[in-house]
Amino acid sequence: MSEELKKPYNPTEHEESIYRKWEESGFFNPDVCVEKGVTDKNADYFSIVLPPPNVTGTLHMGSAFMLAIEDVIVRFNRMWGKKTLWIPGTDHAAIATQSKVEKLIQKEGGKNRHDLGREEFLKRVEKFAKENHDIIIHQMKKMGCSLDWSREAFTLDEKRNLAVKTVFKKMYDDGIIYRGHRIVNWDPKGQTTISDDEIVYQEQKTKFYYLQYGPFVIGTTRPETKFGDKYVVMHPDDKRYASYKDGQKIDLEWINGPITATIIKDESIDMEFGTGVMTITPWHSVVDFEIAERHNLDKEQIIDKYGRLLPVAGEFSEMKIVEAREKIIEKLKKKSLVLKEEDYTNNVATAERTGGFIEPQIMNQWFIDVNKEFTYIFDTLPNIKKGEKVTLKKLMLSVVENKNVNIIPDRFEKEYTHWIENLRDWCISRQIWYGHRIPVWYRSTNTHNRSNEEIYCGIEAPKEIDPDSVKTTAGEWVQDGDTLDTWFSSGLWTFSTLGWPEKTEDLKNYHPTTVLETGYDILFFWVARMILMSTYTIGQIPFTYVYLHGMVRDNQGRKISKSLGNNIDPLEMLAKYSADGVRMALLVGTGPGGDSKISEEKLKAYKHFANKIWNASRFVLENVGNMSRFNLDILVEKDKEILKEFKDFTSDITADMENYRFHLAAEKIYHYFWHTFADIIIEDCKKTLRQTQDKEVESAKQLLYYLLTEQLKLLHPFMPFITEKIWSMLPDSKGLLMVEKWPTN
RNA sequence: GGGCGGUUAGCUCAGUUGGUAGAGCGCGUCAUUGACGUUGACGAUGUCAGAGGUUCGAAUCCUCUACCGCCCACCA
């Protein structure tokens, strides 16, 4: 028996060298598995992409949870005999990364990005991204992830950039991407637009003012936007205002003097709310914008992109919003136009990354039109025919409704559908520097009139110009300064990582991917967008299954956050409780969609389990001698019974594994190993083994050895390190456990 | 306002297609120098949130109620 096995199990001593052995074997790469004959060359393909971690920081317990589940899936499929590919990568995370670095340079030298300039700043961001990338990769290896590193990708590398530009151009040519003056979420702090999903609503206590507006009383929380309000809107059925007609003009005294207002009747008005009358500010409110569009009304900008009032505000011009609000109310009070003020709590929109208060603005931006009809050119989707008129929305709904894409747990299918139905055009341009540059160039034919502008969209810059030219004189092509929303490139991830737009073997073999495993919090951000991009661009679903996991919480069920101080560093936990222990603790008892509550007690429990496995293995190997192969035919009757039960147990575990019930499989194998194998079978065998040579002793040895080796296989996806280590110490050991065949009956 | 979950042992949670409840930690008693004290044996603890219904039978299916949580949304 191996000398190592006589000592207590020391994970830190073994984990690194085991991982190195796996890497050196090349078996993380399915091509190598086929080449070396461990995987049949006609085997089915299994593929999964790693949700690329943001290079904004290092991994947290949530990432560890994700990695644990995915590595279980991958190792199971590899042992099951499939050509199994797990593609690694990281995400540049545009705004998130840029704003981190901006904070850093502010802290270091009190500078902002404009002090450095675009090129210099980007170098700084890339350095930051590289540092985090390296730490992240290290962490993933520590977790034992069997990722094919030879295929690693980055959302902002050259190949992915080509994919992005190619999709952009295709969408542009199809009229799905358009540029237009639409209302967008403007973050005055980050000086960029953001998408609806990047908004975080915060409750804020404010005042609700009732203002006299001619013959009407209007309610508002934002008097500072009211300067340009010259439309007063009410419901057409509101009897209180029946005497006023749509389009009627009225003169009234307002903030900076007399104005003429126009009455508009619109059904979107809630008669129950406030006085049932409101004035509108189309430039700075989505609802108001839509009313204005319906009635073809004028729109006027009141607030600039730094959050200051424009000259339309008269004496309040140049003031910041908060300051102006008070002063305006003071003035209105003096004019006796404030009738009442109430305390009010409303949800204010803030930017997720910068914390800035979102100010809706009408801006000229790039959008993806989700409702635009186009002719579908692929005949590869089961429920959408070639030549059929579709919209992106329809594509996204269809593949989930028809179960081409299956979400686990399926309750999220309802949430998905609901979300898509309410989806609006996706604003994809960002006024930041870190990201994929929009592949569009402009040339004004007349320097004095920017409306005479030529637009060129292409993978490469238009030929007539020197691409390095930064001159902006008339007649020169100038590239759009904006970059793309980070989710644009993430949306392509399943096929861009496989080499698209090149027609690669990988793309042919591994797409659609088999399963996507990710957190339910990014179902809309990411999963929906991958479905959009993949069905539109290549006519394929991106994946057949979506397995959603929950959030990792502390033992009180709270979110892990820095401010609560309940942050757990995965590397620290791995060092303390072993990778195998951490993986098990995260997995047991947390089903799909469920939140994993993690505590040191739980981690401790599964470290103990690793110890139990080690010691039980030692007992078995000490007693069986130099076993070279099984002969289960010699088992005595009672051992045959145990063997039969074990086979049933194996089938049960296999069924759980195939049906994404890893939490059950993990718990069952744990329970069987400890409380059936160790507590009952081994204990009984102890008595048997004390006998002298006879049938029963030989039977017990065969049984013990067989059960141990088979259980190592069942345990391997969950606890890869310790099982691989013990496997290497078996008397008839050959090859790596990671590519052993999964037990079947 | 709309949608989706949850409510099971002291705590954290499982319970796949309905068959009179399980795990870990914790607790109690005992055992053991022989794989392991990161141990073993035995044990206590639950009207499975409440009410009604379907069924031979419900934690599990249906309806309602209560409380907790999450997500979405343009109530000025």
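- Distances from the side chain of A:Phe208 to the nucleotides B:A76, B:G24, B:C36 place B:A76 closest.
- Counting to the nearest Å, the C1' atom of B:G3 and the CG atom of A:Leu523 are 13 Å from each other.
- What separates CH2 of A:Trp674 from P of B:A35 is a distance of 16 Å, to the nearest Å.
- Ion pair A:Lys230/A:Asp298 flagged as a salt bridge, since at least one NZ, NE, NH1 or NH2 atom sits closer than 4.0 Å to an Asp/Glu carboxylate oxygen.
- Each of A:Asn615 and A:Ile680 was assigned the nucleotide of RNA chain B with the nearest heavy atom; the assignment lying further toward the 5' end belongs to A:Asn615.
- A salt bridge does not link A:Arg182 to A:Asp425: none of the charged nitrogens lies less than 4.0 Å from a carboxylate oxygen.
- At a threshold of 4.0 Å, the pair A:Arg294-A:Glu267 does not count as salt-bridged, since none of the basic side-chain nitrogens sits closer than that to a carboxylate oxygen.
- Regarding A:Lys687, its NZ atom lies at a distance of 12 Å from the C1' atom of B:A41, rounded to whole Å.
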Under 3.5 Å between N/O atoms: give me all the protein pairs with nucleotides 4-6 of chain B, atom names plus distance.
from	atom 1	to	atom 2	distance (Å)
B:C4	O2'	A:Glu415	OE2	3.2

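- Atom P of B:C4 sits at a distance of 45 Å from the matching atom of B:U39, rounded to the whole Å.
- Distance, A:Tyr416 OH to B:C72 P: 16 Å, rounded to whole Å.
- Of all nucleotides listed (B:A35, B:A76, B:G24), B:G24 comes nearest to the side chain of A:His675.
- When rounded to the nearest whole Å, the span between CZ of A:Arg424 and P of B:C72 equals 14 Å.
- Residue A:Glu683 places a side-chain atom within donor-acceptor reach of the base of B:A35, judged by atom type and a 3.5 Å distance cut-off alone.
- For A:Phe273 and B:C74, the CZ to C1' distance is 12 Å, given to the nearest whole Å.
- Counting any heavy atom pair closer than 4.0 Å across all strands shown, A:Ile269 reaches a base atom.
- Look at the P atom in both B:A23 and B:C42: the space between them is 12 Å, to the nearest Å.
- Note: CD (A:Glu421) to P (B:G3) measures 12 Å, nearest angstrom.
- Distances from the side chain of A:Tyr670 to the nucleotides B:U39, B:A73, B:G24 place B:G24 closest.
- Electrostatic pairing of A:Lys299 and A:Glu293 counts as a salt bridge here, judged by a charged N lying under 4.0 Å from a carboxylate O.
- Within residues 657-667 of chain A, the residues that place at least one heavy atom under 4.0 Å from RNA chain B are, in residue-number order, A:Arg661, A:His663, A:Leu664, A:Glu667.
- Side-chain proximity of A:Val287 to B:A76, B:C36, B:C74: nearest is B:C74.
- A cation-pi arrangement, defined by a distance under 6.0 Å to the six-membered ring centre and an angle within 45 degrees of its axis, is absent between A:Lys612 and A:Phe677.
- For B:A59 and B:A14, the C1' atoms lie 12 Å apart once the distance is rounded to whole Å.
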Could you pull out all donor-acceptor pairs under 3.5 Å where a side-chain atom in residues 575-582 of chain A meets a protein atom, sequence neighbours excluded?
from	atom 1	to	atom 2	distance (Å)
A:Lys576	NZ	A:Glu600	OE1	3.1
A:Tyr577	OH	A:Glu600	OE1	2.3
A:Ser578	OG	A:Gly581	N	3.0
A:Asp580	OD1	A:Phe721	N	3.1
A:Asp580	OD2	A:Ile722	N	2.8

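- Separating the P atom of B:U7 from that of B:U16 is a span of 12 Å, rounded to the nearest Å.
- With hydrogens and angles disregarded, no donor-acceptor distance shorter than 3.5 Å links the side chain of A:Thr225 to the backbone of A:Thr281.
- Across the interface with RNA chain B, nearest-nucleotide mapping of A:Val588 and A:Lys602 shows A:Val588 to be the residue nearer the 5′ end.
- For A:His418, the listed nucleotide lying nearest its side chain is B:G3; candidates were B:U38, B:A76, B:G3.
- Nearest nucleotide to the side chain of A:Ala678, out of B:C71, B:A35, B:A76: B:A35.
- In terms of the side-chain hydrogen bond (donor to acceptor under 3.5 Å, both in side chains) criterion, residue partners of A:Thr279 (sequence neighbours excluded) are, by chain and number, A:Lys226, A:Asp229.
- Under the rule for a ring pair (Phe, Tyr, Trp, His ring centres under 6.0 Å), the partners of A:Tyr244 that lie at least two apart in sequence or sit in another chain are A:Phe216.
- Across B:C27 and B:U65, the matching C1' atoms stand 36 Å from one another, rounded to whole Å.
- Counting any heavy atom pair closer than 4.0 Å across all strands shown, A:Ala616 reaches a base atom.
- When each of B:C74, B:A23, B:G40 is scored by its nearest atom to the side-chain atoms of A:Tyr201, the top-ranked nucleotide is B:C74.
- When each of B:C75, B:G2, B:A35 is scored by its nearest atom to the side-chain atoms of A:Asp270, the top-ranked nucleotide is B:C75.
- When the C1' atom is compared between B:U20 and B:C25, the two are found 28 Å apart, to the nearest whole Å.
- Aromatic ring centres of A:Phe289 and A:Trp283 lie farther apart than the 6.0 Å criterion allows.
- Panel note: side chain A:Asn611, backbone A:Lys607; no donor-acceptor pair is recorded below 3.5 Å.
- Spacing of P atoms, B:A66 relative to B:A76, comes out at 27 Å, to the nearest Å.
- Distance CG (A:Asn623) to C1' (B:G34): 11 Å, rounded to an integer number of Å.
- Of the charged side-chain nitrogens involved, none lies within less than 4.0 Å of a carboxylate oxygen, so that A:Lys393 and A:Glu421 do not count as a salt-bridged pair.
- Residue A:Lys686 places at least one side-chain N or O under 4.0 Å from the OP1 or OP2 atom of B:A35.
- Residue A:Gly276 is in base contact, counting any heavy-atom pair closer than 4.0 Å across all strands shown.
- Nearest nucleotide to the A:Asp656 side chain, out of B:A35, B:G24, B:U16: B:U16.
- Here A:Tyr9 lies out of heavy-atom contact (under 4.0 Å) with every strand.
- B:G2 and B:U17 are spaced 33 Å apart, taking the C1' atom of each and rounding to whole Å.
- Residue contacts for A:His284: at a heavy-atom cut-off of 4.0 Å it reaches no nucleic acid atom on any strand shown.
- Side chains of A:Trp426 and A:Asp485: a donor on one and an acceptor on the other come within 3.5 Å.
- Of the candidate nucleotides B:G24, B:A76, B:A35, B:A35 has the atom nearest to the side chain of A:Ile682.
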Study note, to complete from the structure: Parsed dot-bracket for RNA chain B after applying the Watson-Crick and G-U rules with both distances under 3.5 Å and | for other-strand partners is (((((((..((((.....[..)))).(((((.......))))).....(((((..]....))))))))))))....

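- Counting heavy atoms from C-beta outward, A:Asp266 and A:His235 have side chains that stay 4.5 Å or more apart.
- Under the 4.0 Å criterion applied to side-chain N and carboxylate O atoms, A:Arg222 and A:Glu359 are assigned as salt-bridge partners.
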